[in-house]
Amino acid sequence: MIHIVDESKCCGCLACVQACPKQCISTKVSKQGFIYPVVNKNICIGCNMCDKVCPFNNIAEGRLPIHTFAAKHISDEIRTNSSSGGAFTALAELVISKGGIVFGAMYNESWQIVHESVETVDNLSKLRGSKYVQSNIGNSYTQARNELQKGKLVLFSGTPCQILGLKKFLRKDYNNLLTVDIICHGVPSPGIWNDYLNRLLSYPNGIADKNSALVCQKNKPIITNISFRNKTNGWLRSNFVLWGKSMPTADHSSILLSEPTSKNLYLRSFIDNYTLRPSCYNCPSKGGRSQSDITLADCWGVWKYHKDIFDDKGVSAILVNTDKGLDIIRKARINIINIKFSEVYEFNKSYSDSVKHPRFYHLFWTLYPFCKIYTIKLVYLLRPRYIINKLLKK
């Protein structure tokens with residue numbers, strides 16, 4: 001029976017919740033804003049199905065990809081609206097063209113991240129683009145299994161731990177299942193994401209910089225779109241951009257906030273490892289252990305080895321792990337060239353390495369309940385680099 005004593009031993013895939021035959025496992029939200037399973041012992045029959053599907057109880061052997069490609073979608077428009085080279089869209093388009101269904105992360109009506117499915121090319125835009133928040137997997141494993149049992153082609157995309165959770169939940173291989181994961185740095189807290197959005201929309205100056213169009217109003221602005229990595233200024237100089245109506249009565253959407261990824265407080269706290277799920281510091285799914293067919297990533301450093309394919313619109317790295325994955329890559333609407341795995345790994349060490357706790361990690365979480373988003377600013381003021389720079393300027 002699942003019993004979470006150490007939060008670092010649960011990745012939040014919720015395979016246990018969906019696998020329970022008595023539906024006796026509910027969820028709770030931790031102080032850090034992450035979801036964890038809770039067993040109702042009065043209903044539990046002791047079948048241990050929850051333990052059997054848990055990624056931490058079933059760590060697979062690592063493996064290296066059988067092929068590695070640098071790739072670009074044939075449509076520049078799709079690449080512009082993708083975080084890297086549009087590889088995911090190309091795969092999803094092919095699956096849908098064969099009457100299939102695609103599962104992935106999208107925004108819900110509250111701008112939280114959830115796992116849902118789409119069956120039309122027009123709806124693929126909901127799944128496109130990086131979303132740096134842990135998605136709520138919901139009952140998508142159960143939905144995917146139902147579609148698989150009907151014989152429908154299914155593409156299921158997610159983080160490595162979500163794919164490993166799906167594999168353990170299904171407990172068998174399906175020829176009509178294609179699994180796609182990413183090289184994952186870690187998953188930030190949905191709770192902090194919610195706090196960040198609320199702060200932006202409710203405080204006169206939010207935590208935005210001078211580029212923000214957010215203003216103090218009686219009513220909150222209405223969000224119409226969010227991009228964690230908008231490429232208007234190029235792939236290598238992406239911005240966090242929030243679109244919306246500055247007044248609920250406004251007719252047109254405009255940019256309410258735009259700032260470089262490197263300067264956005266929410267994204268800086270993610271990149272510097274403060275807001276990640278405890279399991280991310282000891283991930284069970286690194287190094288090909290997720291058992292996915294394909295792994296996607298930004299092809300950082302492609303300009304170093306393959307200048308002919310590089311442009312500032314984005315290039316995807318595709319790590320092919322199975323023959324099934326290789327077959328669909330060759331049929332997708334995508335331009336590919338062979339590259340070495342070492343060329344991808346040089347700039348994507350997260351493929352095999354879990355992140356480390358930052359210096360002020362415990363201080364951050366001690367202060368956060370009291371200071372909320374301002375804790376991020378406070379922690380950065382304590383950084384030696386910041387202090388030294390201030391002293392040098394003086």
In this structure, are over 12 heavy atoms from other groups packed under 6.0 Å from D173 atom CG?
-> no

Would you kindly confirm whether V154 and L94 end up in one hydrophobic cluster when ILVMFWY residues are joined by side chain heavy atoms under 4.5 Å apart?
-> no

Do F103 and I137 share a hydrophobic cluster, counting only Ile, Leu, Val, Met, Phe, Trp and Tyr and linking them when any side-chain heavy atoms are less than 4.5 Å apart?
-> yes

I66 and F341: same hydrophobic cluster, using ILVMFWY side-chain contacts below 4.5 Å?
-> no

Can T275 and S189 be counted as having a side-chain donor-acceptor contact under 3.5 angstrom?
-> no

So do L170 and V53 actually touch side chain to side chain, heavy atoms under 4.5 Å?
-> no

Enclosure of R171 CZ (heavy-atom neighbours >12, cutoff 6.0 Å) = no

Between the side chains of Q162 and S135, does any donor sit under 3.5 Å from an acceptor?
-> yes

Just checking, is any N or O donor in the side chain of S290 or S285 under 3.5 Å from an acceptor N or O on the other one?
-> no

Face-on cation placement of K372 at F370 ring, 6.0 Å and 45° thresholds = no

Verify whether the ring centers belonging to Y196 and W111 lie closer than 6.0 Å.
-> no

side-chain hydrogen bond (donor to acceptor under 3.5 Å, both in side chains) between N81 and E77: does it pass, once the steps are laid out?
-> CA-CA 6 Å; N81 293 312; E77 180 181 357; 4.6 Å; no

From I163 atom CD1 to D293 atom CG, the distance as rounded to the nearest 0.5 Å | 9.0 Å

Look at the side chain of Q134 and the backbone N and O of C11, then say whether any donor-acceptor pair between them is shorter than 3.5 Å.
-> yes

S292 vs T179, side-chain hydrogen bond (donor to acceptor under 3.5 Å, both in side chains): CA-CA, chis, key distance, verdict = CA-CA 5 Å; S292 67; T179 52; 5.2 Å; no

Side-chain donor-acceptor pair under 3.5 Å between Q18 and N139, yes or no?
-> no

Is the shortest side-chain N to carboxylate O distance from K313 to D76 below 4.0 Å?
-> yes

Path from Y351 to I271 over hydrophobic side-chain contacts below 4.5 Å = no

Side-chain contact, heavy-atom cut-off 4.5 Å: K72 with I309?
-> yes

Ring centres of F156 and H115 under 6.0 Å apart?
-> yes

Taking the six-membered ring for Trp, is the centroid-to-centroid distance between Y305 and F347 below 6.0 Å?
-> no

Indicate whether any N or O donor in one side chain lies under 3.5 Å from an N or O acceptor in the other, for D122 and T120.
-> no

Does any non-hydrogen side-chain atom of V102 lie less than 4.5 Å from one of I96?
-> yes

Electrostatic pair K231-D312, nearest N-O below 4.0 angstrom | no

May I ask you to decide whether R268 forms a salt bridge with D272, counting only side-chain N to carboxylate O separations under 4.0 Å?
-> yes

Same apolar cluster: L124 and I113, side chain cutoff 4.5 Å = no

So F228 and W193, would you call those rings parallel, tilted or perpendicular, with 30° and 60° as cut-offs?
-> tilted

Side chain to side chain contact (heavy atoms under 4.5 Å, CB included) between W243 and L257: does it pass, once the steps are laid out?
-> CA-CA 7 Å; W243 289 266; L257 172 65; over 6 Å; no

In plain terms, say whether D327 and K324 are close enough for a salt bridge, that is, a side-chain N and a carboxylate O under 4.0 Å apart.
-> no

Is the closest basic N to carboxylate O distance between K304 and E346 below 4.0 Å?
-> yes

Is it true that a side-chain atom of R79 and a backbone atom of G86 form a donor plus acceptor pair closer than 3.5 Å?
-> no

Are any of the side-chain nitrogens in R333 or E93 under 4.0 Å away from the carboxylate oxygens of its partner?
-> yes

Audit row: Y132, H185, ring-ring contact (aromatic ring centres under 6.0 Å, His included) steps and yes/no = CA-CA 10 Å; Y132 296 111; H185 177 85; 8.9 Å; no

Rounded to the nearest 0.5 angstrom, the CE-CG distance for M106 and L127 is 4.5 Å

Under the side chain to side chain contact (heavy atoms under 4.5 Å, CB included) rule, what do I328 and I294 come out as? Steps first, then yes or no, please.
-> CA-CA 10 Å; I328 196 166; I294 294 170; 3.8 Å; yes

Q112 and N194 side chains, donor-acceptor separation under 3.5 Å = yes

N282 and S8: side-chain hydrogen bond (donor to acceptor under 3.5 Å, both in side chains), yes or no, with the steps?
-> CA-CA 7 Å; N282 183 32; S8 69; 5.7 Å; no

Side-chain contact test, heavy atoms from C-beta onward, threshold under 4.5 Å: evaluate it for N338 versus F69 and give yes or no.
-> yes

Side-chain donor-acceptor contact under 3.5 Å, R128 with T89 | yes

CA sep, side-chain torsions, deciding dist, call: N230, T232, side-chain hydrogen bond (donor to acceptor under 3.5 Å, both in side chains) = CA-CA 6 Å; N230 177 268; T232 299; 2.6 Å; yes

For Y174, is the NZ or CZ atom of R145 found under 6.0 angstrom from the centre of its six-membered ring and inside 45 degrees of the ring axis?
-> no

Test applied, ring pair (Phe, Tyr, Trp, His ring centres under 6.0 Å); reference residue, H357; option that passes from W365, Y281, F364 | Y281

Take R277 and C10, measure what side chain to side chain contact (heavy atoms under 4.5 Å, CB included) needs, and give me the verdict at the end.
-> CA-CA 9 Å; R277 190 178 182 95; C10 173; 3.5 Å; yes

Would you tell me whether Y368 and D195 have side-chain atoms, one donor and one acceptor, within less than 3.5 Å of each other?
-> yes

Candidates D298, L296, T295 - the one meeting side chain to side chain contact (heavy atoms under 4.5 Å, CB included) with I183 = T295

